[in-house]
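Take a look at the structure set out below.
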Amino acid sequence: MNILVIGGGGREHAITHALAVSESAGDIYVAPGNPGILTIAKKADIDINNFNAVAQFCKANDITLVVVGPEQPLADGMADALTKQGIFVFGPMQKAAMLEASKGFAKDFMAKYKIPTAAYETFDATQKTQAIDFIKANFPVVLKADGLAGGKGVLIPETADEAISQLDEMFGGMFGSASERIVIEEFMEGEEASVFAICDGKDFVTLAPSQDHKRAFDGDLGLNTGGMGAYAPAKVATDEVIAIAHKDIIAPVLEGMKSEGSPYIGCLYAGLMIKDGNPRVVEFNVRFGDPETQAVLAILDADFAGLLDSAAKGKLDKSTIRSVASKSACCVVMASEGYPGKCESGFEINGIEEASNDNLIVYQAGTKDANGKVVSNGGRVLGVTGLGSNLQEAIDKAYIGVKKIDFNNHFYRNDIGKKGL
Ligand code: AMP
Ligand code: GLY
């Protein structure tokens, strides 16, 4: 089977890598890709926002499965458009993608289907007085822009006064139209884990639980980022926690989406807050996480192409999975100085080949080709992923790899995986 992967970050490099070693994969194409992905896939020269062009490309190249990496094309209806043309898509339809595209929708959906999550209310700018009252009555709280804000739309104020001034800024256009509506919710204590469920509309299977590191600097200091590193499996998500998440979170989402007329096909990312062995939902994403995927797929022993194809066709084949956690993995993100804010890039990257071996995969994220050289291109540049028979070994391998790689203006966290030891 020929496959098209949509996207061009570290997550898509990991997805493409896992597809490329699958027994049921034929030719793999990617759009837009990056230099790392293009060493293992062919370039599809298409505009991914033009769904008709994407469909034409699939037909011309005998592509029967499209795997969508990022949320935006899904929120824009890519799965709906391609499915109509007879192409199978691993990724949900627009209505189901609302679970990520609108936090208000996700919270109302969870309330309707009794899925455990933080108490909340949603407000628009005309309801500022009520929003302020809610903050005062419920502090500590978290403020969330309703719409997609590139992973940045969540603020965690230290005081109620700070929350009220952040509310003003958000309604004032801090996240553009994404913060025209704001979800204010109870601050939850606990430890976080990310769980990816591969869903076929009715049935699902979960991959190894992982843990992200959202803050920019060591010791969870600095701004929230898209993620500075991840490891898997994450012990905080014990078998008991996962069993509860299956029964009380993932199964009800599938049931709920089916009864709303939009069966959920694709990866359902459940961001969990775990306290005293009980998981509650922090957020849903309608795609694989980045950088968690780099760790999760590195230890998945499976015919990944067969798995995603079976899910896309509504007939999940769990026998494609041999082991979800054949080893431990730790992914350390090498980023450009300044990330998650403005950063300078365009610097030549050295050492990727020297660092790579059977236990070290360098996934490329923000890179581009400049006259045959790979240069940095954006905030998160590489996901250096070490494998080991246990987490400590995986961490050690990852940092040995990191130290062999160099480019100007880079930084990384030194404590990825530490919490899991
Ligand atoms: P989100 O984009 O919703 O995942 O939020 C980003 C990050 O903010 C999460 O990964 C958590 O670390 C934190 N966060 C979000 N909601 C809550 C909450 N209700 N309580 C505590 N922390 C939260
Ligand atoms: N690493 C968090 C996310 O992918 O949303």
Side-chain angles (χ1 to χ4, degrees), residues 7 9-12 14-15 69-72 74-75 97 99-107 110 116-122 134-135 138-158 163 166 170 175 178-179 182-196 209-216 220-232 234 236 267-275 279-297 331-333 335 339-340 363 365 379-380 383 413 416 419:
R11 165 184 52 210
E12 288 78 18
I15 290 171
E71 63 279 11
Q72 193 67 57
L74 296 165
L99 278 177
E100 176 168 359
S102 165
K103 300 247 188 222
F105 173 90
K107 296 296 289 190
M110 284 187 265
T117 186
Y120 76 104
E121 260 183 56
T122 307
F134 185 85
I135 291 172
N138 294 282
F139 198 82
V141 296
V142 177
L143 308 184
K144 301 187 169 186
D146 179 64
L148 291 177
K152 297 186 190 118
V154 172
L155 301 179
I156 305 181
E158 301 276 334
Q166 287 175 341
M170 286 175 85
F175 300 112
S179 56
I182 300 175
V183 171
I184 306 181
E185 69 177 33
E186 164 202 359
F187 178 87
M188 295 186 284
E189 310 258 1
E191 241 203 289
E192 287 182 72
S194 307
V195 173
F196 301 159
S210 57
Q211 192 170 52
D212 191 7
H213 296 62
K214 304 234 184 218
R215 301 297 187 113
D220 290 334
L221 298 175
L223 291 176
N224 256 340
T225 70
M228 289 298 295
Y231 67 92
V236 55
C267 176
L268 177 68
Y269 166 140
L272 305 179
M273 188 68 81
I274 301 161
K275 187 157 180 257
R280 289 201 284 167
V281 176
V282 177
E283 64 164 342
F284 285 126
N285 293 316
V286 298
R287 47 157 179 91
F288 289 99
D290 193 345
E292 295 99 312
T293 300
Q294 288 83 313
V296 171
L297 294 188
C331 170
V332 177
V333 170
Y339 175 72
Y363 295 115
R380 294 190 290 176
R413 277 180 62 158
I416 303 300
K419 262 192 255 175

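Start at 1 with the first residue, then count along the sequence. Remember, it's 1-based here, ligands and their atoms both numbered in the order they're listed. What you are looking at is a predicted structure, and each value in this text was computed from that prediction instead of being measured.
- Looking only at side-chain heavy atoms (C-beta outward), Arg413 and Arg215 come within less than 4.5 Å of each other.
- Using a 3.5 Å distance cut-off with no hydrogens or angles, the side chains of Ser102 and Asp146 do pair a donor with an acceptor.
- Listed by chain and residue number, the protein contacts of ligand 1 are Lys103, Val142, Lys144, Val154, Ile156, Glu185, Glu186, Phe187, Met188, Glu192, Lys214, Met273, Val282, Glu283 (heavy atom within 4.0 angstrom).
- What you find for Ala234 and Tyr231 is that their closest heavy atoms are CA-CE1, 3.7 Å.
- At least one side-chain heavy atom of Pro291 sits under 4.5 Å from a side-chain heavy atom of Arg380.
- For the residue pair Glu292 and Gln211, no side-chain donor N or O sits within less than 3.5 Å of a side-chain acceptor on the partner.
- Interatomic distance, NZ of Lys103 versus OG1 of Thr122, reported as 12.0 Å (0.5 Å rounding).
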For ligand 2, which of its N or O atoms have a protein N or O partner closer than 3.5 Å, and how long is each gap?
residue, atom, partner, partner atom, Å
ligand 2, 1 (N), Asp212, OD2, 2.8
ligand 2, 1 (N), Gly226, O, 3.0
ligand 2, 1 (N), Asp290, O, 2.8
ligand 2, 1 (N), Glu292, OE1, 2.8
ligand 2, 4 (O), Arg287, NH1, 3.0
ligand 2, 4 (O), Asp290, N, 2.9
ligand 2, 5 (O), Asn285, ND2, 3.4
ligand 2, 5 (O), Arg287, NH2, 2.9

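- In summary, the side chains of Lys214 and Thr225 do not present any donor paired with an acceptor at a separation below 3.5 Å, with no hydrogens or angles considered.
- Annotation: side chain of Tyr269 is not in contact with side chain of Val286 (no heavy-atom distance under 4.5 Å).
- Contact annotation: the side chain of Tyr339 approaches that of Met228 to within less than 4.5 Å [non-hydrogen atoms, C-beta and beyond].
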